[in-house]
Amino acid sequence: MARVNKSGLVRSFREACLPEKLFPCLTTGVLMGVTEVIFALSVGSLIFSGDLATFLPYGIGLALVTSTVMLLGVSLGSSVPGVTGILQDSPSVVLATMASALVAALPAARMEDKLATVLVAIALTALLTGIFFLVLGSFRLGGLVRFLPHPVVGGFLAGTGWLLVQGSFGVMAGAPLTLFNLPALIRLDALVLWIPGALFGLALFLGLRRIRHFLTMPVILVLAFILFFLALLLTGTSIPEAINRGLLLGEVSGQASWRPLVTARLWDVDWAAILGQGGNIAVVLMLSVFGLLLNASALELAARQDMDLNRELRVAGLANLVSGLSGGAVGYHVVDLSTLCFRTGARGRLPGVVAAALCAVVFLAGAPLLAFFPRPILGGLLFFLGLGFLVEWLIDGWSKLPRADYAIVLLILAVIAAAGFLIGVAVGLGAAIIMFVLNYSRISVVRTALSGTEMRSNVERVASHRRVLNDLGEHIYILKLQGFIFFGTANALLERIRARVNDPSKPRVLYILLEFRRVTGLDSSAVISFVKTGQLVETQGITLLLANVSEKTRGQFERGGLSEGDGVRFVPDLDHGLEWCENQLLDYGRITRAKPPITLPAQLVDSGLERGSARRLMPFLEKVDLAGGEYLLRQGDESDSMYFVERGGVTIYLEVEGTQRVRLQSLECGTVVGEMGLYLGTKRSASAVADDRTVAYRLTRSALLAMKRQEPELAAAFHEFMLRQTCERLAFVDRLLEAMLR
């Protein structure tokens, strides 16, 4: 649960009471409060319009209560002083749709029962939103909601903008903007009602778009009030006449009505009708979460300070719980009013408290004045909000979004306008999923495709064997896989393997090696493609090797019918798989090639050293016999010698924490080890251990120096030989890098 640091609150209020800060905090708080009162009136009028217009005092009451709770709760609890919250427009649009649907679903019920059902449904939605916020914040799941596709969010907001524009006509002219109502809206008496509000909303939109100053909106609001009443004065329209013509609220008399949830007439509520609105309630929950986190991200930029998103969720959750129990609606953090605090220097918690107090005063004692509030300004404010969403996603979005994403925004907007929010949400998510599948299926799961000529195992072999592998390496087809594999990408992988197997321009594939080290998982449909791959290689006489397969994935394969045997092998890693394939190729290549030389001089000649130089080199070498498991080199020792392996084999290990070993390389006969340390004069970076009975020859530093003194030509030939060995290794690495970068 969100905890408020009492000492921090006291310190914040003490700082706000300093003379240089008190006036900015109070004036900013009053400005915020006036702005929020006007906005709350607009939202309350939006929700309680049409058949519910007679209960507008309840709409105004719940809007002001929600605003008071949100301003106070978020201001006191946010992790960043100056951030505040209000009754929000996006969820309120859905609440307005839900209220209309509830009234339509209860044609035979008394109006009082309809009102009770609507009020309880709105309060229940706020309670569920608060619980949802608290769960996400308590389990630190705030980051998960960022996975909703951006065009889906845009489509929702564009749909929200359209419904706000529709609702603004209901507030101004008594009828929402629809094709059915269009003839009535273009009559002269209706034009007088909604054209001033639309012009006000357009002026507000253009003014805020062109003049980015915190006083722009308050100034335009004040000018709108002055112009409205000046127009009444110039046309000779009296206040009662303006009320009768629908230019002023008028219907609100006495004080705003309030019905907390705990005092609601729950026995008059139609719970089945509320249950039927479960889809709209779910939409409110999702819109609220994403709206809160999007606003929080914007506030981090405005405040130049990171916010604790999980704390903000908990703070908003508690505020919505209080709002729901108080009979209010859904609210959360707001960007513009919070930014107002930052820009006026009133960066503290006092402005939000002042604004909340002003909303509470208007709710308790100021309702008689609301009867004289201009409807064009209320409706124009809704028109401004809706216009902002539509311009952002329909006009600005054309240049910012990819065409496919923009199409999803248009699709969601069209469906919401034609069939409502719930179906628009479903269609939008469905379209986003389809687009994701199509786009993801274009991403190859093959990270790298190589052949055995381009990539080798960590087994250093005699030169004749290396030549065999260079000649026959194309018979090995290596695919390094990545990401999550599903039916689309798995089928593309199968087609790629089939194309390589059937490619007449390349040598016949004998071994296919698939590495799963970077594969995060695969679905059941992908298993079918791998089973088909197993069937393909079986009919072609190819061996399929699967490397780095997790136990979970191997279980999926075996349950699907792809198991060890019948040309399928599971190997621990890519290196061991390559070693096995190379050994098979060497057996295959020995049909037409001689066996590798046995003696060290012959092996040196095979590797490129002249025969005479190889014979003259032997007196400078010392023979070393090793049993299996015996150390040839120890990690950390001084490097005073290098070794030529004549018979047997040696494995290079990196020793970690004394006992744990990591295999780096295996050396067969005709190979050299320890030359790097000898030439560079560094300590041994790894250990070399004999695999079995091994015979090696040691060349010490002193022997190398003696060779330089006694036989300089031999020393030069030897250094040239070692340089050639190093260049061959570098050339192979270059070929590997080139192949991986293709």
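Heads up: numbering here begins at 1 and tracks the sequence.
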Rounded to the nearest 0.5 Å, what's the gap from [atom1] on [X] to [atom2] on [Y]? Could you check?
X: Ile476; Y: Glu454; atom1: CD1; atom2: CD; result: 11.5 Å
X: Leu604; Y: Tyr697; atom1: CG; atom2: OH; result: 10.5 Å
X: Glu655; Y: Arg661; atom1: CD; atom2: CZ; result: 5.5 Å
X: Glu558; Y: Ser563; atom1: CD; atom2: OG; result: 6.0 Å
X: Met707; Y: Leu714; atom1: CE; atom2: CG; result: 5.0 Å
X: Tyr511; Y: Arg569; atom1: OH; atom2: CZ; result: 10.5 Å

Let me see the working for Val624 and Val695 under side-chain contact (heavy atoms from CB on, under 4.5 Å), right down to the final yes or no.
-> CA-CA 6 Å; Val624 178; Val695 176; over 6 Å; no
Would Glu582 and Ser457 satisfy side-chain hydrogen bond (donor to acceptor under 3.5 Å, both in side chains), going step by step from the backbone distance to the final call?
-> CA-CA 8 Å; Glu582 291 169 355; Ser457 69; 2.6 Å; yes
Closest heavy-atom contact between [X] and [Y]?
X: Ser79; Y: Asp308; value: OG-N, 3.4 Å
X: Arg311; Y: Ser78; value: NH2-O, 3.5 Å
X: Ala296; Y: Met307; value: O-SD, 3.6 Å
X: Arg496; Y: Ala449; value: NH2-CB, 3.4 Å
X: Ala688; Y: Ile652; value: CB-CD1, 3.6 Å
X: Leu626; Y: Ala690; value: CB-CB, 3.9 Å

Any Lys/Arg nitrogen of [X] or [Y] sitting under 4.0 Å from an Asp/Glu carboxylate oxygen of the other?
X: Glu460; Y: Arg466; value: yes
X: Arg467; Y: Asp606; value: yes
X: Glu711; Y: Arg616; value: yes
X: Glu579; Y: Arg663; value: yes

Leu578 and Arg456: side-chain contact (heavy atoms from CB on, under 4.5 Å), yes or no, with the steps?
-> CA-CA 7 Å; Leu578 273 171; Arg456 299 260 185 85; 5.9 Å; no
Would you call [X] and [Y] a side-chain contact if the rule is heavy atoms closer than 4.5 Å?
X: Tyr406; Y: Pro151; result: no
X: Glu474; Y: Ser451; result: yes
X: Glu622; Y: Thr700; result: yes
X: Thr453; Y: Leu472; result: no
X: Leu469; Y: Leu585; result: yes
X: Leu705; Y: Arg709; result: yes
X: Val459; Y: Glu668; result: yes
X: Val645; Y: Gln603; result: no

Please assess Leu513 against Leu479 for the test side-chain contact (heavy atoms from CB on, under 4.5 Å), listing each intermediate value before the final yes or no.
-> CA-CA 6 Å; Leu513 179 53; Leu479 295 175; over 6 Å; no
Is the NZ or CZ atom of Arg554 positioned over Phe557's six-membered ring, under 6.0 angstrom from the centre and within 45° of the axis?
->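 No, Arg554 and Phe557 do not form such a contact.
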Under the 6.0 Å and 45° cation-pi test, does Arg500 pair with Tyr477?
->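 Yes; both conditions hold, so Arg500 lies above the ring face of Tyr477.
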Take atom [atom1] in [X]; do more than 12 heavy atoms of anything else shown fall under 6.0 Å from it?
X: Phe484; atom1: CZ; answer: yes
X: Arg611; atom1: CZ; answer: no
X: Glu610; atom1: CD; answer: no
X: Met618; atom1: CE; answer: yes

If only atom types and distance count, is the side chain of [X] paired as donor or acceptor with the main-chain N or O of [Y] below 3.5 Å?
X: Asp575; Y: Asn458; answer: yes
X: Asn502; Y: Arg498; answer: yes
X: Thr694; Y: Gly649; answer: yes

Salt bridge (charged side-chain N to carboxylate O under 4.0 Å, His left out): pairs with one or both residues in residues 510-530, sequence neighbours excluded = Glu515-Arg517
Among Leu545, Val549, Ile497, Leu574, find the one that has a side chain to side chain contact (heavy atoms under 4.5 Å, CB included) with Leu514.
-> Ile497
Aromatic ring pairing Phe530/Phe516, orientation class (parallel under 30°, perpendicular over 60°, tilted between) |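 Rings of Phe530 and Phe516: tilted, as their planes differ by 30° to 60°.
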Would Phe620 and Gln710 satisfy side-chain contact (heavy atoms from CB on, under 4.5 Å), going step by step from the backbone distance to the final call?
-> CA-CA 11 Å; Phe620 293 96; Gln710 299 171 16; 3.8 Å; yes
Begin with the C-alpha distance, continue with both residues' side-chain angles, and end with the deciding distance and a verdict on side-chain hydrogen bond (donor to acceptor under 3.5 Å, both in side chains) for Gln665 and Thr651.
-> CA-CA 6 Å; Gln665 193 177 28; Thr651 299; over 6 Å; no
